[in-house]
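Worksheet: one structure, shown below.
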Amino acid sequence: MNKFHSRLLTAIIFLIIIVFLCMGFMLGQFISSLITNNAMHGTSIEETVKQVWIALAICLGIALIIILSLIVRITTTYTKPIDSATEAVKELAKGDYRARTYEDEVSTAGLLGKSINIVARNIEEMTKSYEMQHDRLHTLIENMGSGLLFIDSKGYISIVNRSTNEIFKVDQDDLLGQLYYEALTHKEIVKLVEEIFMTEQKLRRQVHLIIGNEQKDFEVYAAPVLGAKVEWKGVVLVFHDISNLKRLEQMRKDFVANVSHELRTPITSIKGFSETLLDGAMNDRNVLKQFLTIILEESHRLQLLIQDLLDLSKIENKGFSLNLSQVNVKELLENSIQMLKSKAVEREIQLELTLDDESTVIDGDMDRLKQVFINVINNGLSYSPDGAKVEVKATNISDYVQIQIIDTGIGIEEKELPRIFERFYRVDKARSRNSGGTGLGLAIVKHIIEAHEGAVQVSSKVGEGTTFTFRLKKKI
């Protein structure tokens with residue numbers, strides 16, 4: 001713009017000189033004509049000089065007016081639009097894409113301003129579109145359930161989402177801008193990235209990682225990122241946490257194995273004793289009675305197992321529904337205790353019930369809740385020594401009732417507590433089988449309580465006893 005201003009100033013000076021030359025030439029012609037005319041008419045010299053000065057003043061005034069008009073015209077037409085365009089371009093360079101300048105359809109400067117405005121509008125629209133896409137992509141990357149990691153062509157980590165930070169239990173700053181083989185401490189992932197760099201082929205692989213004190217399983221999708229001209233951009237990795245799927249798969253395998261084992265034991269006993277009887281043992285009445293008693297017990301055990309499996313399958317079915325009614329907590333617990341009173345008396349175990357409010361009522365399925373408390377109280381009796389104590393306590397807390405079943409039995413190790421609600425999981429396998437347990441009772445308990453929108457917790461110390469705590473909503 002400085003060159004433009006210099007050239008414009010030169011043009012104006014040149015124009016002024018031309019105007020003055022023209023006016024001077026015209027003035028000279030006029031003065032010559034005036035002197036000649038005055039000489040012919042005998043006008044005095046003083047009068048002639050006066051007329052010359054008047055003519056000179058008029059000419060200078062006209063020249064000044066013409067020059068000022070031209071300067072104003074040039075400034076308005078060229079200088080102001082160009083200055084405005086200059087300011088608009090400066091604002092655009094600063095990132096203010098809303099800046100606009102003067103425009104018209106007549107002058108070249110006006111057309112320049114119009115072009116600048118069109119460019120500014122296009123840049124503004126492109127910027128808005130880019131920002132919108134960037135925000136959408138950022139939101140998608142940050143909130144996707146899987147971890148995402150992008151490593152550029154030089155091996156530096158340039159994109160990390162929130163899930164990746166949670167997976168590896170690190171801060172984003174610990175990964176961003178770092179070389180992947182220095183930032184990632186798991187050799188399996190480093191080898192996977194190196195393989196992508198070498199082969200430039202997509203990979204899909206399951207990896208087992210130890211993160212902190214946890215063991216995690218991931219399905220990792222890794223792929224090279226190539227530009228429009230097959231230019232190497234880097235590697236992208238997506239981590240899908242399949243730990244729960246692996247756990248469920250293992251539970252399914254354990255369930256099938258346990259069911260097979262539990263069914264095989266009584267069936268084998270029934271078959272073996274039946275064959276023995278058929279081979280001639282039935283002729284001995286004492287042996288016959290003993291074997292038939294064993295067969296009956298094993299049949300009963302088999303029946304209980306099948307019934308528990310059917311109950312568990314029914315409860316886990318989405319179509320399972322409760323027969324809800326108003327259940328008095330005192331009546332529920334007294335009925336449950338009454339069913340096990342004889343067992344407690346037989347083993348001289350003190351079975352007590354404590355209530356802080358005998359009128360507490362909940363919405364629940366009476367039969368299912370009795371199944372829950374009979375099962376847990378029976379466990380307390382089975383795993384407590386003779387002469388011990390099992391206490392059932394109901395307490396009102398805010399809008400729910402808390403029911404605790406406290407025994408002074410053998411207790412459960414802390415590491416086993418998270419697994420006691422699994423199917424077929426037994427703390428003391430030999431004792432559980434001897435007591436006629438199927439290993440499905442607590443799994444059924446948990447599902448029934450959750451179906452009532454309640455909660456169950458367990459606390460225990462080895463050698464001191466176990467406490468089951470249930471929370472059920474009160475009838476409002």
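Here the structure is a predicted model, which means the values were calculated and not measured. One-based numbering along the sequence shown.
Considering Thr395, Asn328, Asn396 as possible partners of Thr360, the one that fulfils the side-chain hydrogen bond (donor to acceptor under 3.5 Å, both in side chains) test is Asn396. A side chain to side chain contact (heavy atoms under 4.5 Å, CB included) with Met366 holds for exactly one of Leu324, Leu332, Asn323; it is Leu332.
Note that the NE2 atom of His186 and the CD1 atom of Ile210 stand 8.0 Å from one another [nearest 0.5 Å].
Ion pairing between a basic and an acidic side chain is recognised when a charged N comes within 4.0 Å of a carboxylate O; Arg347 and Asp386 show such pairing. Contact check on Glu450 versus Lys446 returns a salt bridge, with a Lys/Arg side-chain nitrogen under 4.0 Å from an Asp/Glu carboxylate oxygen. In this structure, Lys216 pairs ionically with Asp241, as a charged nitrogen and a carboxylate oxygen lie closer than 4.0 Å. A salt bridge links Glu195 to Arg205: at least one charged side-chain nitrogen sits closer than 4.0 Å to a carboxylate oxygen.
The environment of OH in Tyr181 is sparse: at most 12 heavy-atom neighbours from other residues, nucleotides or ligands sit within 6.0 Å.
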Pair Ile211-Ile167, side chain to side chain contact (heavy atoms under 4.5 Å, CB included): steps then yes or no: CA-CA 8 Å; Ile211 301 173; Ile167 287 172; 4.1 Å; yes
Residues Ile196, Leu203; criterion side chain to side chain contact (heavy atoms under 4.5 Å, CB included); working and verdict: CA-CA 8 Å; Ile196 294 291; Leu203 289 178; 3.7 Å; yes
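By the side chain to side chain contact (heavy atoms under 4.5 Å, CB included) test, Lys473 pairs with Glu453, sequence neighbours left out.
Ring to ring, His240 and Phe218 are not that close: their centroids are 6.0 angstrom or more apart. Not less than 6.0 angstrom separates the ring centroid of Tyr156 from the ring centroid of Tyr180.
Looking only at distances, a side-chain donor or acceptor of Thr408 sits under 3.5 Å from a matching main-chain atom of Lys389.
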